[in-house]
There are 2 protein chains.
Amino acid sequence: MRILLIEDDTVLGAGVRDQIQAEGHSVDWVGRLDEAGEYLASASYDLVLLDLMLPDGRGLPFLREMRKRGDVTPVIILTALDQISDRIEGLNAGADDYMVKPFDLSELSARLAAVARRYAGNPNPLVTIGDLEIDLAFRSVRRNGKLVALTAREWVLFEAFVQHPGQILSKAQLEERLYAFDAEVESNTIEVHISRLRKKLGREKIDTVRGMGYRLGES
Amino acid sequence: MRILLIEDDTVLGAGVRDQIQAEGHSVDWVGRLDEAGEYLASASYDLVLLDLMLPDGRGLPFLREMRKRGDVTPVIILTALDQISDRIEGLNAGADDYMVKPFDLSELSARLAAVARRYAGNPNPLVTIGDLEIDLAFRSVRRNGKLVALTAREWVLFEAFVQHPGQILSKAQLEERLYAFDAEVESNTIEVHISRLRKKLGREKIDTVRGMGYRLGES
DNA sequence: ACACGGCCTTCAGCTTCCTGTCAGAAAGCA
DNA sequence: TGCTTTCTGACAGGAAGCTGAAGGCCGTGT
């Protein structure tokens, strides 16, 4: 799963990030609400972990704003406020769950598993594209029923297309998904990976939009 | 069923006792191993719930002693989270199941029901994978009808795959199943165990997903 | 108490295969 | 046609994974 962690405490944040990654999910970690907004706008996440007290504002209005925009991404609130009224307010604002700091990392695992389970048994657990069957939760792709082995990078790319059907994704956007911010690549890596994906999944699955990027095929 | 509960924590013990009675079983509850020995000698039980940390000794030697005497009464171990590694030893010592404290009482109900089913002589569900036949309740695997001997750790690993078919399990996740939280393994233990499992069950039963983990094979 | 044996971890060397790079071919565009 | 952009086969370096062997721990039998 792709998870957005919004937390300004560096110690807790690092711990949570490590735990999540250890479970095999990918994490973007930001410490401010304005950053969080940008990330939410530019990528799609399967889960948001939201601290309520941040340097540039409170989390609840941010959450309400999200919901008003129609964003239904599951949100788990992380907070030191342990008062029941806060909890109710949080749930009212559209949170899916609530964890009081300090919490056990194993507790976090349990919640993640719960979300993953829901994610796994969701409206469209299987996305079908032509002869492909994609299971986002299990990270598996079948072509004509046969499991296709995608490498880590290939999966990250393909997942991006599946999560944004119809949308043109630029090479820059795709690179961002593949690499950490600092690390940079000086070559046509994306093109090469796209080429490999096409070979495995079928040429027509990914369209080239000259000068702009790539897009999921129509089929 | 007649159940012997060996547990020194009065709060947990009372909760468990009440739950069991609510399900219509009868319970004897003792807080020490010497008492437990007496009860076992003087009455016969259909199930034993055994805490591992007791005031007058540890539960595992007690369990081993039972098995050595030829006592085959089903035993479910109750253990704290930081003793997960004990559960491996528990399996070795002849436990039938384990529950990590704190556990849900509904989870307890499920295990009771499973034991009751076996007690009633009903068939256990068999999972079939290629030429393998797995009996999760009895912890046995047959390959082409021939019993395959798995060691405790091998079983814990393999069970994880069987319980999550199709899902990629990371080494971190698998390690978590094998070891206590803090316990750290600085080496390729998982790889070694996977290697041995493959040798016993067939190479194709477990797929490697490079950089992500392992997954049950398709076959 | 001692030795034996099974099981587990560690280590080291080996194999596999992922991935970024490049170069030439192909395709789009004017 | 000539220029740009994209595609794709090949390759090398290195990371990730595999596996045989050695050593240690623990429970068991003598």
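A note on names: the letters A, B, ... follow the listed sequences, proteins ahead of strands, and every chain is numbered from 1. Bear in mind the structure is a predicted one, so any value in this text is a computation, not a measurement.
Rounding to whole angstrom units, CE of residue B/M66 and P of D/dG27 are separated by 18 Å. At whole-Å resolution of the value, CZ in B/R58 and C1' in D/dC26 are 14 Å apart. In this structure, NE2 of B/H193 is placed 16 Å from P of D/dG17, rounded to the nearest angstrom. Regarding A/L197, its CG atom lies at a distance of 12 Å from the P atom of D/dC7, rounded to whole Å. Distance, A/I190 CD1 to C/dG20 P: 8 Å, rounded to whole Å. Distance, B/I194 CD1 to C/dT15 P: 22 Å, rounded to whole Å. Atom CG of A/N188 and atom C1' of D/dC11 are 14 Å apart (whole Å). The nearest whole Å value for the distance from the CD atom in B/E65 to the C1' atom in D/dT28 is 12 Å.
Within the structure, a side-chain polar atom (N or O) of B/T189 is placed less than 4.0 Å from OP1 or OP2 of C/dT10. In terms of phosphate contacts, B/K171 brings a side-chain nitrogen or oxygen within less than 4.0 Å of OP1 or OP2 of D/dG17. A close approach under 4.0 Å does occur between a side-chain nitrogen or oxygen of B/K199 and OP1 or OP2 of D/dG20. Contact annotation: A/R203 does not reach the phosphate of D/dT6 (side-chain N/O to OP1 or OP2, under 4.0 Å). At least one side-chain nitrogen or oxygen of B/T208 sits closer than 4.0 Å to the OP1 or OP2 atom of D/dC18. Proximity of B/S187 to the phosphate of C/dC11: no side-chain N or O atom is located under 4.0 Å from OP1 or OP2. For B/R198 and D/dC18, the shortest distance from a side-chain N or O to OP1 or OP2 is below 4.0 Å. The phosphate of C/dC8 has OP1 or OP2 within less than 4.0 Å of a side-chain N or O from B/T151. One finds no side-chain N or O of A/S195 lying less than 4.0 angstrom from the OP1 or OP2 phosphate oxygen of D/dG9. Between B/Y214 and D/dA16 there is no side-chain polar atom (N or O) within less than 4.0 angstrom of OP1 or OP2.
Recorded end-axis angle for the helix from C/dA1-D/dT30 to C/dA30-D/dT1 stands at 30°, based on five pairs per end and rounded to 10 degrees.
Ionic pairing of B/K205 and B/D131 is present here: one or more N-O contacts between side-chain nitrogen and carboxylate oxygen are shorter than 4.0 angstrom. In this structure, A/R196 does not pair ionically with A/E154, as no charged nitrogen and carboxylate oxygen lie closer than 4.0 Å. No salt bridge links B/R142 with B/D135; every basic N to acidic carboxylate O contact stays at or beyond 4.0 Å.
Taking for each of A/E191 and B/L150 the nucleotide of DNA chain C with the nearest heavy atom, the 5'-most of the two is the partner of B/L150.
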Taking it one step at a time, do B/Y45 and B/D28 satisfy side chain to side chain contact (heavy atoms under 4.5 Å, CB included)? CA-CA 9 Å; B/Y45 294 91; B/D28 289 338; 2.6 Å; yes
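Within the nucleic acid shown, A/R196 comes within 4.0 Å of at least one base atom, counting heavy atoms only. Backbone-only engagement by A/R153 is indicated by non-hydrogen atom pairs under 4.0 Å involving sugar-phosphate atoms exclusively.
The backbone N or O of B/D34 lies less than 3.5 Å from a partner atom in the side chain of B/D56, making a donor-acceptor pair. Between the side chain of A/D46 and the main chain of A/R2, a donor-acceptor pair closer than 3.5 Å is present. At distances below 3.5 Å, at least one donor-acceptor pair connects side-chain atoms of B/R198 with backbone N or O atoms of B/I206.
Nearest to the side-chain atoms of B/V192 among the listed nucleotides C/dC11, C/dC22, C/dT19 stands C/dC11. Of the candidates C/dT21, C/dC8, C/dG28, C/dC8 carries the atom nearest the B/A152 side chain, counting heavy atoms from C-beta on.
Within the model, atoms CG of B/L132 and CZ of B/F158 stand 5.0 Å from one another, a figure rounded to the nearest 0.5 Å.
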